[in-house]
Q: 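Below: one structure in structure tokens.
No experiment lies behind these values; they were computed from the predicted model shown. Naming: A, B, ... by sequence-line order, numbering from 1 per chain.
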2 protein chains.
Amino acid sequence: MSVHREFVPNNEKYVSSFDKGHLALPPARHLTVVTCMDARIEPASQLGINLGDAHVIRNAGGSTKEALRSIVISQRLLGTREVAVFHHTGCGMLTFTNEHLRDKVKSEAPGNEVVAKAVDSIDFLPFPQLEESVKADVKFLKENPLLLEGTTVTGWTYDVTTGKIKQVV
Amino acid sequence: MSVHREFVPNNEKYVSSFDKGHLALPPARHLTVVTCMDARIEPASQLGINLGDAHVIRNAGGSTKEALRSIVISQRLLGTREVAVFHHTGCGMLTFTNEHLRDKVKSEAPGNEVVAKAVDSIDFLPFPQLEESVKADVKFLKENPLLLEGTTVTGWTYDVTTGKIKQVV
């Protein structure tokens, strides 16, 4: 595996027409997007976000629980005041449970107590239902004492087969 | 704040030329990119990654420690075998300490014990030096018992004023 060998030539093309060196650190639109790491997701083009506009937090599933550290930094130090949470159809998180993944990892390192202990310590945050998970993640954020009062929080789904978004909450 | 009101019209334009509904869940290039949530970062264009190619994990700083849950899911369930870690110049994480941010949050909610307890429980993972933080995050991953043996892990910086990447490790 060596996809990284293509980064420098690809980046040289990007640099040759780069004209965004003046952009400021704080997101221009005061927005934070939380979404999944899924390879079929690309928030900039799918939502019409320009470079410099928004913080983009991505993790397996688009968990706001895991994103909390970043959201506090985004709001308190960099002035964002709106959070949009996206989960998507066909998400890997809909396909397994903690028990399933932990058993799989342990079966790949039989008898390895270090691996067993490490994997048992992680909540992988899978979810069984898409729209419910969006609602739960928005609720978690809205009820969190560290979220700034007055923050606009919206929740959405993205359909990987059509490219369409839908507001859930 | 209501940037989200622009999502639907922007997305309708995206959908009108969308032709990627066939892409599979596992990343085609077996790659995971870990990078910062910074608004000036856009891994797809900056590295030449196509839709469907790679998992993209983003959080404040591009922490591999926080990304571990997602990386395990990415490798064990979705077949990725290479991780590229990017931190960047002008990163917000270079500008504060845990103590500074905790004090700021507490001063914004004076006497609120719930807020104080919540913010004191978070390690915000700031770092004082860019290349050292890339090296430390790559090291954390390479030494982690949950990373699959034989995984290619590379570490890079991205310069937000020039658009250029540089391999550190």
Q: Out of curiosity, does V8(A) fall in the hydrophobic cluster containing V83(B) (side-chain heavy atoms, cut-off under 4.5 Å, transitive links)?
A: no
Q: Can you name the closest pair of heavy atoms from V115(B) and P145(A) and give their distance?
A: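 Here V115(B) and P145(A) meet closest at CG2-O, 3.6 Å.
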Q: With a 4.5 angstrom heavy-atom cut-off, is it the side chain or the backbone of A118(A) that approaches chain B, or both, or neither?
A: both
Q: For the residue pair S70(B) and E66(A), what are the closest heavy atoms and their distance?
A: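 Looking at all heavy atoms of both residues, the closest pair is OG-OE2, 3.9 Å.
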Q: Find the one option among D159(A), T151(A), V72(A) whose heavy-atom pairs under 4.5 Å with chain B are most numerous.
A: V72(A)
Q: If you count heavy-atom pairs under 4.5 Å with chain B, which of G61(A), A109(A), S63(A), S45(A) comes out on top?
A: S45(A)
Q: Which one wins on heavy-atom pair count under 4.5 Å against chain B: G21(A), C91(A), P9(A)?
A: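 Top count of heavy-atom pairs under 4.5 Å with chain B: G21(A).
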Q: Checking heavy atoms, do the side chain of L47(A), its backbone, both or neither come under 4.5 Å from chain B?
A: both
Q: Between A39(B), A84(B), A67(B), which has the largest tally of heavy atom pairs under 4.5 Å with chain A?
A: A39(B)
Q: Do I73(B) and L146(B) share a hydrophobic cluster (ILVMFWY, side-chain heavy atoms under 4.5 Å, transitive)?
A: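 Shared cluster, yes.
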Q: Which atoms of L23(A) are under 4.5 Å from chain B, going by heavy atoms: the side chain, the backbone, both sets, or neither?
A: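 Looking at L23(A), backbone and side chain both touch chain B.
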Q: Would you kindly confirm whether V138(A) and W156(A) end up in one hydrophobic cluster when ILVMFWY residues are joined by side chain heavy atoms under 4.5 Å apart?
A: no
Q: Flag yes if L94(A) and V85(A) sit in one hydrophobic cluster, no otherwise; membership is Ile, Leu, Val, Met, Phe, Trp, Tyr, and two members link when side-chain heavy atoms are under 4.5 Å apart.
A: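 Not linked; separate clusters.
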Q: As an exercise, state the distance from CG of L148(A) to CD of E108(B), rounded to the nearest 0.5 Å.
A: 6.5 Å
Q: Judged by atom type as modelled, is there a donor-acceptor pair below 3.5 Å linking the side chain of R69(A) to the main-chain atoms of A60(B)?
A: yes
Q: Does anything in residues 160-169 of chain B reach chain A? List residues with heavy atoms under 4.5 Å apart, or say none.
A: V160(B), T161(B), T162(B), G163(B), K164(B), I165(B), Q167(B)
Q: Under 4.0 Å between a side-chain nitrogen and a carboxylate oxygen: does that hold for R29(A) and E6(B)?
A: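 Answer for the salt bridge query: yes.
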Q: In terms of hydrophobic clustering (I, L, V, M, F, W, Y; side-chain heavy atoms under 4.5 Å; direct or indirect links), are I71(A) and V134(A) co-clustered?
A: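 Hydrophobic grouping puts I71(A) with V134(A).
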Q: What part of V34(A) lies closer than 4.5 angstrom to a heavy atom of chain B: side chain, backbone, both or neither?
A: neither
Q: To check you understand the geometry: which heavy-atom pair defines the closest contact between R58(A) and V56(B), and what is its length?
A: CB-O, 3.2 Å
Q: If every non-hydrogen atom of K104(A) is compared with every non-hydrogen atom of L77(B), which pair is closest and at what distance?
A: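 Residues K104(A) and L77(B), closest heavy atoms: CD-CD2, 3.9 Å.
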Q: Could you tell me which of T95(B), V105(B), N144(B) has the largest number of non-hydrogen atom pairs under 4.5 Å with chain A?
A: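 Ranked by contacts with chain A, first place is V105(B).
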Q: For chain A, which residues from residues 122-130 of chain B lie under 4.5 Å away (heavy-atom distances)?
A: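 So far as heavy atoms go, I122(B), D123(B), F124(B), L125(B) are the residues that approach chain A to under 4.5 Å.
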Q: So which of H22(B), M37(B), E149(B), E42(B) has the biggest tally of heavy-atom pairs under 4.5 Å with chain A?
A: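 Going by pairs under 4.5 Å, I would pick M37(B).
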Q: For V3(A), is there any backbone N or O sitting under 3.5 Å from a side-chain donor or acceptor partner on E82(B)?
A: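 Yes; at least one donor-acceptor contact below 3.5 Å.
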Q: With respect to chain A, which residue among V15(B), L25(B), L31(B) yields the maximal number of heavy-atom pairs within a distance under 4.5 Å?
A: L25(B)
Q: Between L101(B) and chain A, with a heavy-atom cut-off of 4.5 Å, which part of the residue counts as in contact: side chain, backbone, both or neither?
A: side chain
Q: So, taking the atom named OG in S107(B) and the one named CZ in R76(A), what distance separates them when rounded to the nearest 0.5 Å?
A: 8.5 Å
Q: For L68(B), is it the side chain, the backbone, both or neither that has a heavy atom under 4.5 Å from a heavy atom of chain A?
A: side chain
Q: Is it the backbone or the side chain of D53(A) that comes under 4.5 Å from a heavy atom of chain B, or both, or neither?
A: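 Interface part for D53(A): backbone (N, CA, C, O).
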Q: Go through L78(B), V119(B), V114(B) and name the one with the most non-hydrogen pairs under 4.5 angstrom from chain A.
A: V119(B)
Q: Roughly how far apart are N59(A) CG and S74(B) OG, rounded to 0.5 Å?
A: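 OG of S74(B) is found 12.0 Å from CG of N59(A).
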Q: How long is the span from the CZ atom in F7(B) to the OG1 atom in T154(A), to the nearest 0.5 Å?
A: 6.0 Å
Q: State, yes or no, whether a side-chain contact exists between L51(B) and Q46(A) at a heavy-atom distance under 4.5 Å.
A: yes
Q: Considering all heavy atoms of both residues, which atom of D38(A) and which atom of H55(B) are nearest to each other, and what is their separation?
A: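 Where D38(A) meets H55(B) most closely, the heavy atoms are CA-CD2, 3.9 Å.
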Q: Which answer fits H100(A), side chain, backbone, both or neither, if we ask what part of it has an atom under 4.5 Å from a heavy atom of chain B?
A: side chain
Q: Write down the atom of A24(A), the atom of R40(B), and the distance for their closest heavy-atom approach.
A: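 So the minimum-distance heavy-atom pair works out to O-CD, 3.6 Å.
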Q: Measure up the Y158(B) and Y14(A) rings against each other and bin them: parallel (under 30°), tilted (30 to 60°), perpendicular (over 60°).
A: tilted
